[in-house]
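This report concerns only the one structure given below.
All figures in this text were calculated on a predicted structure; none of them were measured in a lab. The figures here come from the full heavy-atom set of this structure, side chains too, leaving out hydrogens, waters and symmetry mates.
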Amino acid sequence: MRRMTDEELKMLYEVRPYVDKYGNLKKDAPEEIKETLKKLLLSSADNVCY
């Protein structure tokens, strides 16, 4: 498993206030946060242990 890059960590901190305690995106999240979350999920997809 690789470490998250600085860019991925930055994206994670940007979306954190818009995620509830269960990991779901809050309904009041702006569109740019939704796009950032999509980028984060795509960039860290190879970070999964199999």
Side-chain angles (χ1 to χ4, degrees):
M1 186 168 151
R2 70 171 177 81
R3 291 181 159 258
M4 294 181 85
T5 64
D6 290 338
E7 184 178 340
E8 290 170 340
L9 288 172
K10 182 181 173 217
M11 287 188 283
L12 181 63
Y13 286 115
E14 286 177 13
V15 300
R16 182 175 280 174
Y18 299 100
V19 177
D20 66 12
K21 66 180 182 178
Y22 301 108
N24 299 316
L25 193 62
K26 294 180 181 176
K27 294 180 187 204
D28 64 342
E31 192 62 37
E32 68 181 37
I33 294 297
K34 293 176 184 178
E35 292 298 321
T36 302
L37 184 59
K38 286 179 188 177
K39 288 180 196 174
L40 178 63
L41 290 173
L42 288 174
S43 69
S44 62
D46 62 339
N47 200 15
V48 178
C49 275
Y50 293 101

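Within 6.0 Å of CD on Glu7 lie no more than 12 heavy atoms contributed by other residues, nucleotides or ligands. Heavy atoms from other residues, nucleotides or ligands lying under 6.0 Å from CG of Asp20 number more than 12.
Note that the NZ atom of Lys39 and the CG atom of Leu41 stand 12.5 Å from one another [nearest 0.5 Å]. Here the OH atom belonging to Tyr18 is positioned 10.0 Å from the CG atom belonging to Leu25, to the nearest 0.5 angstrom.
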Listing, residues 9-17 side-chain donor-acceptor contacts under 3.5 Å, not counting sequence neighbours, or none:
none

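Within the 4.5 Å cutoff, no side-chain heavy atoms of Ile33 are placed close to those of Lys26.
Here the shortest heavy-atom pairing between Ser43 and Leu40 reads OG-O, 3.2 Å.
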